[in-house]
Every structure is written in C-alpha cells, then in structure tokens.
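Scroll down for the structure; my scribbles are underneath it.
All values reported here derive from a predicted model rather than from experimental measurement. Residues take their numbers from the sequence shown, with the count starting at 1.
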Amino acid sequence: MNILVALNANYLYPLKVMLKSLFMNNRGCTITVYMMYSKLNENEIKDIQEFVSGEGHRLVPVFIHPGLFDDALVYRHFSSEMYYRLIAFRYLPESVDRILYLDPDIINLNPVFDLYRKPFGNAFFMACEHAYSARMAGPFNKMRLKTPKAKGYFNTGVLMMNIKALRKSNSLKKIMQFTEKHKHLLLPDQDIFNALYWDKIISIPGMYYNYDARYYNLTRIFPTNKDQANPKWIKAHTVFIHYCGGQKPWRPGYKGNLGFFFNFYARRYAEDEAERRERRTPVHETEGH
C-alpha cells in the first residue's frame, strides 16, 4: 500500500502518531510512505526513516524545491507544503499507479484496504465532504469557484489518488496557472482541488473516511444517524478521524471531545520510541570484566 504525506518540521510529531495508528490497524500490509518535503534537515529525515523501518515498512523522502510555489497564496497555518499533494503525480515513481494521501493531523482507526482498492473508473480522486460545513457553504463555494455543476465541496485531507490517470492529464500546467492567477482563495489547496477537479472526484462518506472531529458535538445534536454520534460506533466503523482547524490534540488546551483517540496512539508511539532509544543506547561493559 502506498501512502503519501507532505509536511514541514512543525508536523513531524503528529505524523509519527498518525503512522503508528496506520501501522497498528493494517497488520500484514507492507506500506511505503512517500514523504514530500522542502525544509526538513538530515536528522529529521533520518529519525522518520528509522521509525518507519523499525515498524517494518519503507519511507521514501521526496524533495520539492522550496521556491516552486513562491507565487502561490500562503498565510496563517497554510504553508506551501499544502500544495504538494496536487503535484505528487509528477514526482512519484512510475511503479506507483495509485496512492492514498493523508494529512498528518489524522488518526487511523480501522483497516484501509477496502478504500484503497476501490475502482476509480474515469475519476482522478476519491474524497469526502464535511457534511455540516459543505451544507452551509455549498452555494457560495459554487459561485466563487465558478463550478455551478459541482456536486459538492471536498476536503483534501484524505485523498485516494489515481496517479496513472493524473500523469496522462495536463494537470500540472493548470495547477500552476491557477495558483498564479488566484490570490484570494479561502482554503487555497482545497479551492484549487475543487475548482479544477470537481467532475473527476468520486464522493466517499465522510463519517467513515474523514470524520471531522470539530463537528462531533453537532453530530450529537443533529444526527443523521444516531449511532454515528457514539464513540463506540466511531471506533468500530470510522477509518479516519481528522483533527481539522487550528486546535490540535497534541497542543495544550485542546477542547475537542475525540482527543482520546489521538492520545491512545500517542502513548503507543511514545512507548515504542522509548524502547527504540533504549536499543540505540550503547551498553558499557562493567568495569573489571
């Protein structure tokens, strides 16, 4: 299974926790993690490499020139790395025909294989809507992105990507032209994704594949399915929980109700990391022996 991530040093810790959850819940599956980056140093890459290989999987670092998106919109917590998923097809090896992109602020709760093997047909992507935000902002998004026939507005945190089809498209030129032309986007990479690919996206259910942790309380108050407002249901059925927005469960003061899922895998990662460091510590022979 091929996994794609793109990040800077600020997200190294949550990346490790996300990967730990992925490795734990997909036993028996060999995973290759393609990591797109511009500003990680050698020690940071080595640390991730040792962690992934120690879990029995493979890391492939993919360097992206930091000036590639100099003309693109970057602000607040939106960094240039957010654009890298959109151009991944130009940097991945020919052997990769499909890949699953995951934001590092995600936790995997159940096996991924069913999603990973879904047929694309003529689509380039599979993605989820976040139901509550999409319902409120749908007409506005169609108007500002000039996509009146779009069936939804999709989140880019979880993307099944048809790399084989994207290679044959003229997507790179369109992406670069769009980023240079549009300087007033609300959610930059997500707006580009929805504006350019609105008719090439297969919708998959967000409650299973991209559960927005911010809307847990809304789900309880206005449930479309009462079972889905229960943490036991989430644990048994949801594949990915996504900690969207500025508040993150690894930062002090997190007030979300579903942070305990992140904390569980964070503890498992910490335990394994302690063992890994202990194995690397040289054992000094006792004096006199």
Side-chain angles (χ1 to χ4, degrees), residues 3-26 31 33 35 37 40 44 47-48 51-52 55 76-79 81-82 85 100-112 115 127-134 155-159 187 189-190 205-221 223 227-276:
I3 298 296
L4 177 67
V5 297
L7 74 162
N8 57 36
N10 294 327
Y11 279 84
L12 285 174
Y13 172 63
L15 171 67
K16 294 174 188 175
V17 178
M18 184 272 281
L19 290 176
K20 182 63 181 177
S21 70
L22 190 72
F23 299 153
M24 287 179 63
N25 290 304
N26 294 275
I31 296 172
V33 180
M35 182 177 71
Y37 74 96
L40 300 180
E44 290 165 338
D47 182 58
I48 294 286
F51 165 63
V52 173
E55 293 278 340
R76 293 203 329 260
H77 59 280
F78 298 109
S79 64
E81 286 83 3
M82 67 183 166
R85 74 199 79 182
L100 173 60
Y101 171 85
L102 297 173
D103 273 351
D105 57 349
I106 278 172
I107 290 296
N108 173 223
L109 298 180
N110 285 292
V112 177
L115 169 63
C128 303
E129 283 190 276
H130 284 162
Y132 291 99
S133 58
N155 182 270
T156 54
V158 177
L159 295 176
L187 299 170
D189 70 300
Q190 204 159 273
M207 297 297 284
Y208 289 88
Y209 295 115
N210 196 337
Y211 193 115
D212 190 337
R214 295 174 299 180
Y215 296 122
Y216 173 69
N217 284 335
L218 278 176
T219 305
R220 296 181 67 190
I221 298 171
D227 290 337
Q228 295 174 353
N230 187 326
K232 291 183 178 179
W233 185 94
I234 296 171
K235 183 178 180 181
H237 298 92
T238 295
V239 178
F240 298 115
I241 288 186
H242 193 178
Y243 297 96
C244 299
Q247 283 202 351
K248 305 296 184 185
W250 61 89
R251 294 174 182 161
Y254 179 71
K255 298 178 181 179
N257 298 90
L258 300 179
F260 62 89
F261 286 116
F262 177 90
N263 293 334
F264 172 79
Y265 291 102
R267 287 193 297 269
R268 294 298 300 270
Y269 164 73
E271 292 167 0
D272 291 351
E273 178 70 3
E275 291 182 10
R276 183 163 67 96

Walk me through it: do Asp272 and Lys16 pass the test salt bridge (charged side-chain N to carboxylate O under 4.0 Å, His left out)?
CA-CA 11 Å; Asp272 291 351; Lys16 294 174 188 175; over 6 Å; no
Indicate the ring-plane relationship of Phe51 and Phe23, choosing parallel, tilted or perpendicular according to the 30° and 60° boundaries.
tilted
Less than 3.5 Å apart, any donor N or O on the side chain of Asn263 or Tyr254 sitting next to an acceptor on the other?
no
Does any non-hydrogen side-chain atom of Tyr216 lie less than 4.5 Å from one of Pro231?
yes
Between Arg214 and Gln247, is there a donor-acceptor pair closer than 3.5 Å when you use the side chain of the first and the backbone of the second?
no
Tyr243 side chain to Leu258 backbone, donor-acceptor under 3.5 Å:
yes
Is the closest side-chain heavy-atom distance between Asn25 and Asn110 below 4.5 Å?
no
Using the six-membered ring wherever Trp is involved, compare the ring planes of Trp250 and Phe262 and label them parallel, tilted or perpendicular (cut-offs 30° and 60°).
tilted
Check: Asn108/Asn26 side-chain N/O donor and acceptor closer than 3.5 Å
yes
Is a side-chain donor or acceptor of Gln190 paired with a backbone partner of Thr156 at a separation under 3.5 angstrom?
yes
Exam field: side chain Asp103 to backbone Asp105, donor-acceptor pair closer than 3.5 Å:
no
Minimum side-chain heavy-atom gap Tyr11-Lys248 below 4.5 Å:
yes
Looking only at atom types and distance, does a side-chain atom of Thr238 sit under 3.5 Å from a main-chain N or O of Trp233, one as donor and one as acceptor?
no
Do Phe261 and Ile234 come close enough that some side-chain heavy atom pair is under 4.5 Å?
yes
